[in-house]
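Accompanying notes for the structure given below.
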Protein chains: 2
Amino acid sequence: MINDLILKNIARHISLDKEETACFISSLKQRKVSKKEFILQGEEVCKYINFVHSGTLRAYYLDKAGKESTIMFAVSDWWITDIFCFINQQPAMLTIEAVEESIIFQLSKDELDRLYIKIPKFERFFRVIFQNAYIREQLRTIQNLSLSAEERYHIFLNKYPQVVKQVTQKQIASYLGITPEFLSTIRGHKHKK
Amino acid sequence: MINDLILKNIARHISLDKEETACFISSLKQRKVSKKEFILQGEEVCKYINFVHSGTLRAYYLDKAGKESTIMFAVSDWWITDIFCFINQQPAMLTIEAVEESIIFQLSKDELDRLYIKIPKFERFFRVIFQNAYIREQLRTIQNLSLSAEERYHIFLNKYPQVVKQVTQKQIASYLGITPEFLSTIRGHKHKK
DNA sequence: TGAAAAAAATAAGGTAGTTTAAGAAATTCA
DNA sequence: TGAATTTCTTAAACTACCTTATTTTTTTCA
(Lines give C-alpha, C1' and ligand atoms only; values in the text may rest on other atoms or scores of the structure.)
Protein backbone atom coordinates (compact mmCIF):
# COMPACT_ATOMS: atom_id res chain seq x y z
CA MET A 1 0.00 0.00 0.00
CA ILE A 2 1.28 3.48 -0.79
CA ASN A 3 0.96 4.63 2.83
CA ASP A 4 3.26 1.94 4.17
CA LEU A 5 6.48 3.92 3.92
CA ILE A 6 5.25 7.01 5.74
CA LEU A 7 3.60 4.84 8.42
CA LYS A 8 6.85 2.96 8.94
CA ASN A 9 8.61 6.32 9.20
CA ILE A 10 6.19 7.39 11.93
CA ALA A 11 6.39 4.02 13.67
CA ARG A 12 10.11 4.50 14.12
CA HIS A 13 9.33 6.94 16.95
CA ILE A 14 5.71 6.50 18.07
CA SER A 15 3.02 3.84 17.75
CA LEU A 16 -0.46 4.65 16.53
CA ASP A 17 -3.61 2.56 16.92
CA LYS A 18 -5.99 2.00 14.01
CA GLU A 19 -8.09 5.07 14.61
CA GLU A 20 -5.07 7.33 15.04
CA THR A 21 -3.53 5.91 11.89
CA ALA A 22 -6.70 6.68 9.94
CA CYS A 23 -6.82 10.19 11.37
CA PHE A 24 -3.20 10.81 10.42
CA ILE A 25 -3.61 9.44 6.90
CA SER A 26 -6.70 11.57 6.33
CA SER A 27 -4.72 14.69 7.16
CA LEU A 28 -2.29 14.05 4.29
CA LYS A 29 -2.49 15.09 0.66
CA GLN A 30 -0.75 12.83 -1.81
CA ARG A 31 0.87 14.58 -4.73
CA LYS A 32 2.85 13.58 -7.77
CA VAL A 33 5.53 16.05 -8.80
CA SER A 34 7.27 15.88 -12.13
CA LYS A 35 10.93 16.59 -12.72
CA LYS A 36 11.76 20.31 -12.43
CA GLU A 37 8.33 21.08 -11.00
CA PHE A 38 8.29 23.43 -8.00
CA ILE A 39 6.35 22.69 -4.83
CA LEU A 40 7.37 26.00 -3.27
CA GLN A 41 8.50 29.10 -5.06
CA GLY A 42 8.76 32.87 -5.06
CA GLU A 43 6.51 34.77 -2.69
CA GLU A 44 4.17 31.87 -2.04
CA VAL A 45 3.49 31.03 1.63
CA CYS A 46 4.97 27.67 2.66
CA LYS A 47 1.81 25.73 3.57
CA TYR A 48 3.19 22.21 3.85
CA ILE A 49 5.75 19.98 5.39
CA ASN A 50 6.45 17.24 2.83
CA PHE A 51 7.30 13.57 3.19
CA VAL A 52 9.12 12.12 0.18
CA HIS A 53 7.61 8.75 -0.71
CA SER A 54 9.70 8.32 -3.83
CA GLY A 55 11.99 10.51 -5.90
CA THR A 56 14.28 13.37 -4.89
CA LEU A 57 13.62 17.01 -3.98
CA ARG A 58 15.96 19.94 -3.45
CA ALA A 59 15.47 23.10 -1.35
CA TYR A 60 17.60 26.10 -2.25
CA TYR A 61 18.00 29.77 -1.52
CA LEU A 62 18.12 32.07 -4.52
CA ASP A 63 19.83 35.42 -3.94
CA LYS A 64 19.25 38.69 -5.83
CA ALA A 65 22.23 37.98 -8.07
CA GLY A 66 20.63 34.70 -9.11
CA LYS A 67 23.05 32.47 -7.20
CA GLU A 68 21.55 29.25 -5.81
CA SER A 69 22.59 27.85 -2.41
CA THR A 70 21.28 24.36 -1.80
CA ILE A 71 20.02 23.99 1.75
CA MET A 72 19.00 20.37 1.59
CA PHE A 73 18.25 17.39 -0.59
CA ALA A 74 15.50 14.94 0.34
CA VAL A 75 15.23 11.41 -1.00
CA SER A 76 12.73 8.65 -0.24
CA ASP A 77 11.76 8.49 3.48
CA TRP A 78 12.85 12.09 4.25
CA TRP A 79 10.86 15.14 5.37
CA ILE A 80 11.43 18.51 3.69
CA THR A 81 10.01 22.03 4.01
CA ASP A 82 11.07 25.65 4.34
CA ILE A 83 10.91 25.27 8.12
CA PHE A 84 11.11 28.97 9.01
CA CYS A 85 8.35 29.98 6.63
CA PHE A 86 6.26 26.90 7.38
CA ILE A 87 6.23 27.58 11.12
CA ASN A 88 5.55 31.28 10.69
CA GLN A 89 3.26 30.82 7.66
CA GLN A 90 4.96 33.56 5.74
CA PRO A 91 6.30 33.97 2.19
CA ALA A 92 8.95 31.43 1.33
CA MET A 93 12.64 32.11 1.50
CA LEU A 94 13.46 28.85 -0.22
CA THR A 95 12.54 27.27 -3.52
CA ILE A 96 11.72 23.55 -3.42
CA GLU A 97 11.97 21.67 -6.68
CA ALA A 98 11.74 18.03 -7.75
CA VAL A 99 15.10 16.79 -9.01
CA GLU A 100 13.31 13.81 -10.58
CA GLU A 101 9.70 12.67 -10.74
CA SER A 102 8.55 12.18 -7.16
CA ILE A 103 5.59 11.23 -5.03
CA ILE A 104 5.15 13.18 -1.83
CA PHE A 105 2.69 13.43 1.06
CA GLN A 106 1.89 16.95 2.18
CA LEU A 107 0.86 17.87 5.71
CA SER A 108 -0.42 21.42 6.12
CA LYS A 109 0.34 23.64 9.13
CA ASP A 110 -3.34 23.63 10.08
CA GLU A 111 -3.58 19.86 9.93
CA LEU A 112 -0.35 19.51 11.88
CA ASP A 113 -1.59 21.84 14.63
CA ARG A 114 -4.81 19.83 14.80
CA LEU A 115 -2.77 16.63 14.97
CA TYR A 116 -0.69 17.93 17.89
CA ILE A 117 -3.91 18.46 19.84
CA LYS A 118 -5.79 15.36 18.80
CA ILE A 119 -2.85 12.94 19.00
CA PRO A 120 -0.24 14.43 21.32
CA LYS A 121 2.16 11.63 20.44
CA PHE A 122 2.92 13.68 17.36
CA GLU A 123 4.60 16.22 19.60
CA ARG A 124 7.05 13.47 20.40
CA PHE A 125 7.41 12.46 16.78
CA PHE A 126 8.24 15.93 15.57
CA ARG A 127 10.36 16.60 18.63
CA VAL A 128 12.60 13.77 17.45
CA ILE A 129 12.43 14.88 13.80
CA PHE A 130 13.43 18.46 14.64
CA GLN A 131 16.03 17.28 17.13
CA ASN A 132 17.66 15.22 14.37
CA ALA A 133 17.35 18.06 11.87
CA TYR A 134 19.03 20.38 14.37
CA ILE A 135 21.85 17.89 14.92
CA ARG A 136 22.41 17.57 11.17
CA GLU A 137 22.46 21.33 10.63
CA GLN A 138 24.83 21.82 13.53
CA LEU A 139 27.23 19.19 12.18
CA ARG A 140 27.06 20.95 8.83
CA THR A 141 27.90 24.29 10.47
CA ILE A 142 30.88 22.70 12.21
CA GLN A 143 32.10 21.35 8.88
CA ASN A 144 31.49 24.63 7.04
CA LEU A 145 33.57 26.44 9.64
CA SER A 146 36.40 23.99 10.09
CA LEU A 147 36.95 22.08 6.84
CA SER A 148 38.12 22.87 3.31
CA ALA A 149 35.80 22.47 0.33
CA GLU A 150 37.64 19.32 -0.69
CA GLU A 151 37.16 17.68 2.71
CA ARG A 152 33.48 18.67 2.75
CA TYR A 153 33.03 17.16 -0.70
CA HIS A 154 34.39 13.78 0.33
CA ILE A 155 32.26 13.73 3.47
CA PHE A 156 29.22 14.53 1.34
CA LEU A 157 29.98 11.64 -1.01
CA ASN A 158 30.21 9.20 1.89
CA LYS A 159 27.24 10.55 3.82
CA TYR A 160 24.70 10.85 1.00
CA PRO A 161 25.53 8.24 -1.68
CA GLN A 162 21.82 8.00 -2.57
CA VAL A 163 21.66 11.72 -3.26
CA VAL A 164 24.90 11.74 -5.23
CA LYS A 165 23.34 9.34 -7.74
CA GLN A 166 20.46 11.69 -8.51
CA VAL A 167 21.81 15.22 -8.55
CA THR A 168 24.20 17.18 -10.77
CA GLN A 169 27.69 18.38 -9.88
CA LYS A 170 26.36 21.90 -10.06
CA GLN A 171 23.80 21.14 -7.36
CA ILE A 172 26.40 19.46 -5.15
CA ALA A 173 28.67 22.50 -5.58
CA SER A 174 25.85 24.79 -4.48
CA TYR A 175 25.31 22.59 -1.39
CA LEU A 176 29.02 22.80 -0.54
CA GLY A 177 29.11 26.57 -1.06
CA ILE A 178 31.57 26.51 -3.97
CA THR A 179 31.36 27.07 -7.73
CA PRO A 180 30.86 24.14 -10.12
CA GLU A 181 34.18 25.07 -11.73
CA PHE A 182 36.03 24.66 -8.46
CA LEU A 183 34.24 21.38 -7.69
CA SER A 184 35.41 20.18 -11.07
CA THR A 185 39.04 20.91 -10.22
CA ILE A 186 38.63 19.16 -6.84
CA ARG A 187 37.30 16.10 -8.64
CA GLY A 188 40.32 16.26 -10.89
CA HIS A 189 42.65 15.89 -7.90
CA LYS A 190 41.44 12.39 -7.12
CA HIS A 191 42.60 10.77 -10.34
CA LYS A 192 45.88 12.63 -10.67
CA LYS A 193 47.73 11.34 -7.62
CA MET B 1 13.25 33.40 43.36
CA ILE B 2 16.10 31.95 41.37
CA ASN B 3 13.79 29.54 39.53
CA ASP B 4 11.59 32.28 38.12
CA LEU B 5 13.50 32.80 34.90
CA ILE B 6 13.58 29.15 33.86
CA LEU B 7 9.91 28.72 34.80
CA LYS B 8 8.99 31.74 32.68
CA ASN B 9 11.02 30.23 29.85
CA ILE B 10 9.02 27.00 30.14
CA ALA B 11 5.74 28.88 30.50
CA ARG B 12 6.32 30.47 27.12
CA HIS B 13 5.31 27.17 25.51
CA ILE B 14 3.52 24.98 28.07
CA SER B 15 1.78 25.48 31.40
CA LEU B 16 2.60 23.39 34.43
CA ASP B 17 0.55 22.95 37.58
CA LYS B 18 2.13 23.11 41.03
CA GLU B 19 3.03 19.47 41.23
CA GLU B 20 4.51 19.41 37.74
CA THR B 21 6.49 22.53 38.50
CA ALA B 22 7.89 20.92 41.61
CA CYS B 23 8.74 17.76 39.70
CA PHE B 24 10.52 19.76 37.01
CA ILE B 25 12.47 21.87 39.47
CA SER B 26 13.58 18.79 41.38
CA SER B 27 15.07 17.37 38.20
CA LEU B 28 17.44 20.33 37.81
CA LYS B 29 20.91 20.87 39.22
CA GLN B 30 21.89 24.45 39.83
CA ARG B 31 25.51 25.26 39.18
CA LYS B 32 27.73 28.30 39.40
CA VAL B 33 30.44 28.45 36.74
CA SER B 34 33.31 30.87 36.94
CA LYS B 35 34.84 32.66 34.00
CA LYS B 36 36.90 30.34 31.74
CA GLU B 37 35.59 27.27 33.55
CA PHE B 38 34.51 24.40 31.31
CA ILE B 39 31.21 22.59 31.71
CA LEU B 40 32.05 20.18 28.90
CA GLN B 41 35.46 19.27 27.61
CA GLY B 42 37.67 16.70 25.94
CA GLU B 43 36.45 13.12 25.92
CA GLU B 44 33.85 13.64 28.61
CA VAL B 45 30.31 12.42 27.81
CA CYS B 46 27.82 15.28 27.47
CA LYS B 47 25.44 14.53 30.34
CA TYR B 48 23.44 17.74 30.46
CA ILE B 49 21.38 20.22 28.57
CA ASN B 50 21.97 23.59 30.24
CA PHE B 51 19.74 26.58 30.82
CA VAL B 52 21.64 29.84 31.32
CA HIS B 53 20.16 31.74 34.22
CA SER B 54 22.78 34.48 34.14
CA GLY B 55 26.09 35.02 32.40
CA THR B 56 27.35 33.87 29.01
CA LEU B 57 28.59 30.51 27.72
CA ARG B 58 30.25 29.52 24.46
CA ALA B 59 30.30 26.16 22.64
CA TYR B 60 33.11 25.55 20.19
CA TYR B 61 34.70 22.86 18.11
CA LEU B 62 38.45 22.43 18.49
CA ASP B 63 40.22 20.76 15.57
CA LYS B 64 43.50 18.80 15.64
CA ALA B 65 45.39 21.91 14.53
CA GLY B 66 44.06 23.77 17.57
CA LYS B 67 41.69 26.02 15.61
CA GLU B 68 38.47 26.93 17.42
CA SER B 69 35.13 27.21 15.59
CA THR B 70 32.41 28.74 17.72
CA ILE B 71 29.13 26.90 17.25
CA MET B 72 27.00 29.00 19.56
CA PHE B 73 26.92 31.56 22.31
CA ALA B 74 24.28 31.41 25.03
CA VAL B 75 23.27 34.31 27.23
CA SER B 76 20.64 34.58 29.96
CA ASP B 77 17.41 32.69 29.11
CA TRP B 78 19.05 30.42 26.48
CA TRP B 79 19.55 26.64 26.38
CA ILE B 80 22.92 25.20 25.38
CA THR B 81 24.43 21.72 25.00
CA ASP B 82 26.42 19.59 22.59
CA ILE B 83 23.16 18.29 21.14
CA PHE B 84 24.60 15.40 19.14
CA CYS B 85 26.58 14.01 22.03
CA PHE B 86 23.86 14.75 24.58
CA ILE B 87 21.24 12.78 22.62
CA ASN B 88 23.59 9.88 21.92
CA GLN B 89 25.33 10.07 25.32
CA GLN B 90 28.75 9.82 23.77
CA PRO B 91 32.06 11.68 24.16
CA ALA B 92 31.76 15.37 23.43
CA MET B 93 32.68 16.93 20.12
CA LEU B 94 32.33 20.42 21.51
CA THR B 95 33.89 22.31 24.38
CA ILE B 96 31.54 24.48 26.43
CA GLU B 97 33.11 27.26 28.45
CA ALA B 98 31.84 30.16 30.53
CA VAL B 99 32.73 33.49 28.91
CA GLU B 100 31.96 35.22 32.20
CA GLU B 101 30.80 34.05 35.62
CA SER B 102 27.45 32.34 35.08
CA ILE B 103 24.67 30.50 36.87
CA ILE B 104 23.16 27.59 34.98
CA PHE B 105 20.54 24.88 35.53
CA GLN B 106 21.52 21.45 34.31
CA LEU B 107 19.04 18.81 33.16
CA SER B 108 20.54 15.36 32.62
CA LYS B 109 19.55 13.04 29.76
CA ASP B 110 18.11 10.56 32.30
CA GLU B 111 16.03 13.20 34.02
CA LEU B 112 14.83 14.53 30.68
CA ASP B 113 13.75 11.08 29.52
CA ARG B 114 11.90 10.60 32.80
CA LEU B 115 10.29 14.01 32.34
CA TYR B 116 9.07 13.14 28.83
CA ILE B 117 7.24 10.16 30.32
CA LYS B 118 5.96 11.73 33.52
CA ILE B 119 4.94 15.06 31.99
CA PRO B 120 4.41 14.59 28.25
CA LYS B 121 3.92 18.32 27.82
CA PHE B 122 7.71 18.48 27.84
CA GLU B 123 7.67 16.73 24.48
CA ARG B 124 5.89 19.82 23.21
CA PHE B 125 8.25 22.15 24.97
CA PHE B 126 11.37 20.60 23.52
CA ARG B 127 9.68 20.14 20.16
CA VAL B 128 9.40 23.93 20.01
CA ILE B 129 12.92 24.44 21.38
CA PHE B 130 14.49 22.11 18.80
CA GLN B 131 12.29 23.49 16.04
CA ASN B 132 13.60 26.97 16.79
CA ALA B 133 17.16 25.72 17.07
CA TYR B 134 16.80 24.03 13.69
CA ILE B 135 15.43 27.23 12.15
CA ARG B 136 18.35 29.22 13.54
CA GLU B 137 20.93 26.74 12.29
CA GLN B 138 19.31 26.64 8.86
CA LEU B 139 19.34 30.44 8.59
CA ARG B 140 22.98 30.36 9.57
CA THR B 141 23.72 27.81 6.85
CA ILE B 142 21.96 29.99 4.28
CA GLN B 143 24.06 32.95 5.36
CA ASN B 144 27.30 30.95 5.41
CA LEU B 145 26.64 29.82 1.86
CA SER B 146 25.37 33.04 0.34
CA LEU B 147 26.97 35.99 2.13
CA SER B 148 30.47 37.45 2.49
CA ALA B 149 32.21 37.57 5.86
CA GLU B 150 31.55 41.30 6.07
CA GLU B 151 27.79 40.88 5.57
CA ARG B 152 27.68 38.05 8.10
CA TYR B 153 29.49 40.22 10.62
CA HIS B 154 26.96 43.05 10.38
CA ILE B 155 24.05 40.64 10.66
CA PHE B 156 25.67 39.16 13.76
CA LEU B 157 26.03 42.59 15.36
CA ASN B 158 22.35 43.35 14.78
CA LYS B 159 21.05 39.93 15.75
CA TYR B 160 23.04 39.36 18.95
CA PRO B 161 23.82 42.75 20.53
CA GLN B 162 23.76 41.15 24.00
CA VAL B 163 26.40 38.64 23.00
CA VAL B 164 28.56 41.26 21.30
CA LYS B 165 28.92 43.07 24.62
CA GLN B 166 30.37 40.01 26.38
CA VAL B 167 32.66 38.26 23.94
CA THR B 168 35.99 39.07 22.28
CA GLN B 169 36.59 39.87 18.61
CA LYS B 170 38.51 36.65 18.40
CA GLN B 171 35.46 34.66 19.49
CA ILE B 172 33.19 36.50 17.06
CA ALA B 173 35.67 35.79 14.25
CA SER B 174 35.61 32.09 15.12
CA TYR B 175 31.79 32.16 15.00
CA LEU B 176 31.88 33.80 11.56
CA GLY B 177 34.48 31.34 10.27
CA ILE B 178 37.22 33.92 9.66
CA THR B 179 40.50 34.86 11.35
CA PRO B 180 40.63 37.62 13.97
CA GLU B 181 43.04 39.50 11.66
CA PHE B 182 40.52 39.56 8.85
CA LEU B 183 37.72 40.61 11.20
CA SER B 184 39.94 43.46 12.28
CA THR B 185 40.30 44.69 8.69
CA ILE B 186 36.52 44.38 8.16
CA ARG B 187 35.97 46.54 11.22
CA GLY B 188 38.41 49.04 9.77
CA HIS B 189 36.20 49.47 6.68
CA LYS B 190 33.36 50.98 8.68
CA HIS B 191 35.19 54.11 9.76
CA LYS B 192 37.09 54.68 6.55
CA LYS B 193 34.06 55.27 4.30
C1' DT C 1 49.37 48.60 41.09
C1' DG C 2 52.22 46.95 37.71
C1' DA C 3 54.19 42.99 35.21
C1' DA C 4 52.62 39.43 32.33
C1' DA C 5 49.43 37.69 29.26
C1' DA C 6 45.94 38.10 25.98
C1' DA C 7 43.56 40.68 22.49
C1' DA C 8 43.47 43.86 18.76
C1' DA C 9 45.42 46.43 14.89
C1' DT C 10 48.29 46.84 10.89
C1' DA C 11 50.77 45.20 7.02
C1' DA C 12 53.04 42.20 3.52
C1' DG C 13 53.00 38.08 1.07
C1' DG C 14 50.43 33.70 0.06
C1' DT C 15 46.50 30.50 -1.20
C1' DA C 16 41.77 28.57 -1.60
C1' DG C 17 38.29 29.48 -4.16
C1' DT C 18 35.98 32.89 -7.90
C1' DT C 19 35.27 34.82 -12.40
C1' DT C 20 35.23 34.75 -17.12
C1' DA C 21 35.59 32.38 -21.25
C1' DA C 22 35.52 28.71 -24.41
C1' DG C 23 35.21 23.95 -25.90
C1' DA C 24 33.63 19.06 -25.02
C1' DA C 25 30.26 15.94 -23.24
C1' DA C 26 25.81 14.75 -21.73
C1' DT C 27 20.90 15.49 -21.56
C1' DT C 28 16.51 17.11 -23.16
C1' DC C 29 12.62 17.16 -25.90
C1' DA C 30 10.10 18.51 -30.29
C1' DT D 1 16.86 11.51 -34.13
C1' DG D 2 19.18 15.51 -34.00
C1' DA D 3 19.22 20.47 -32.71
C1' DA D 4 19.11 23.00 -28.62
C1' DT D 5 20.11 23.36 -23.98
C1' DT D 6 22.50 22.30 -20.00
C1' DT D 7 26.40 20.37 -17.66
C1' DC D 8 31.13 19.53 -17.12
C1' DT D 9 35.97 20.53 -17.85
C1' DT D 10 40.06 23.30 -18.36
C1' DA D 11 42.66 27.31 -17.85
C1' DA D 12 44.16 32.03 -16.83
C1' DA D 13 43.45 36.15 -14.29
C1' DC D 14 41.54 37.82 -10.05
C1' DT D 15 39.97 38.46 -5.06
C1' DA D 16 38.41 37.31 -0.43
C1' DC D 17 40.42 35.67 3.11
C1' DC D 18 44.71 33.41 5.46
C1' DT D 19 49.44 33.33 7.42
C1' DT D 20 53.10 35.24 9.64
C1' DA D 21 55.14 38.89 11.95
C1' DT D 22 55.33 43.14 14.60
C1' DT D 23 53.39 46.79 17.44
C1' DT D 24 49.80 48.72 20.30
C1' DT D 25 46.08 48.27 23.48
C1' DT D 26 43.49 45.97 26.90
C1' DT D 27 42.85 42.66 30.44
C1' DT D 28 44.33 39.75 34.13
C1' DC D 29 45.74 38.66 38.57
C1' DA D 30 49.65 38.23 42.13
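This one's a predicted model, so the numbers in the text were calculated from it and none came from an experiment. In what follows, chains carry the letters A, B, and so on, assigned in the order in which the sequence lines appear, proteins first and then strands, with residues in each chain numbered from 1.
Taking atom CZ of residue B/Arg58 and atom P of nucleotide C/dA7, one finds them 9 Å apart after rounding to whole Å. With rounding to whole Å, A/Asn144 atom CG is found 12 Å from C/dG17 atom P. Taking atom NE2 of A/His189 as the reference point, atom P of D/dT10 lies 11 Å away to the nearest angstrom. In this entry the distance linking NZ of A/Lys67 with C1' of C/dT20 reads 16 Å, nearest Å. Note: NZ (B/Lys170) to P (D/dT26) measures 18 Å, nearest angstrom. For A/Tyr153 and C/dG17, the OH to P distance is 15 Å, given to the nearest whole Å. Rounding to whole angstrom units, CD1 of residue A/Ile172 and P of C/dG17 are separated by 17 Å.
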Dump the pairs, protein N or O against N or O of nucleotides 12-18 of chain D, anything under 3.5 Å, distances to one decimal.
unit_1	atom_1	unit_2	atom_2	d
D/dC17	OP1	B/Ala149	N	3.2
D/dC18	OP2	B/Thr179	N	3.1
D/dC18	OP2	B/Thr179	OG1	3.3

Tabulated below should be each protein N or O lying under 3.5 Å from an N or O of nucleotides 22-30 of chain C; please produce it.
unit_1	atom_1	unit_2	atom_2	d
C/dT28	OP1	A/Lys35	NZ	2.6

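Checked by atom type and distance alone, the side chain of B/Ser146 pairs as donor or acceptor with a backbone atom of B/Ile142 at under 3.5 Å. Checking side-chain atoms of A/Ser102 against main-chain N and O of A/Thr56 turns up a donor-acceptor pair under 3.5 Å. Under the 3.5 Å distance criterion, the side-chain polar atoms of B/Asn50 are left unmatched by any main-chain donor or acceptor of B/Ile104.
Aromatic ring centres of A/Phe86 and A/Tyr48 lie farther apart than the 6.0 Å criterion allows.
A/Tyr175 and A/Gln171 form no side-chain donor-acceptor contact under 3.5 Å, judged by distance and modelled atom types alone.
Between B/Arg187 and the phosphate of C/dA8, there is no side-chain N or O to OP1/OP2 separation shorter than 4.0 Å.
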Should B/Trp79 and B/Phe126 be marked as a ring-ring contact (aromatic ring centres under 6.0 Å, His included) after you check the CA-CA gap, both sets of side-chain angles, and the distance that decides it?
CA-CA 11 Å; B/Trp79 292 87; B/Phe126 282 102; 5.6 Å; yes
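Note on A/Asp113 versus A/Lys109: salt bridge recorded, some NZ/NE/NH1/NH2 to OD/OE distance being below 4.0 Å. We find that A/Asp77 and A/Arg12 are joined by a salt bridge, their nearest charged nitrogen and carboxylate oxygen being less than 4.0 Å apart.
Applying side-chain contact (heavy atoms from CB on, under 4.5 Å) to B/Gln106 and the options B/Lys47, B/Arg31, B/Glu111, B/Gln30 leaves one that passes, B/Arg31.
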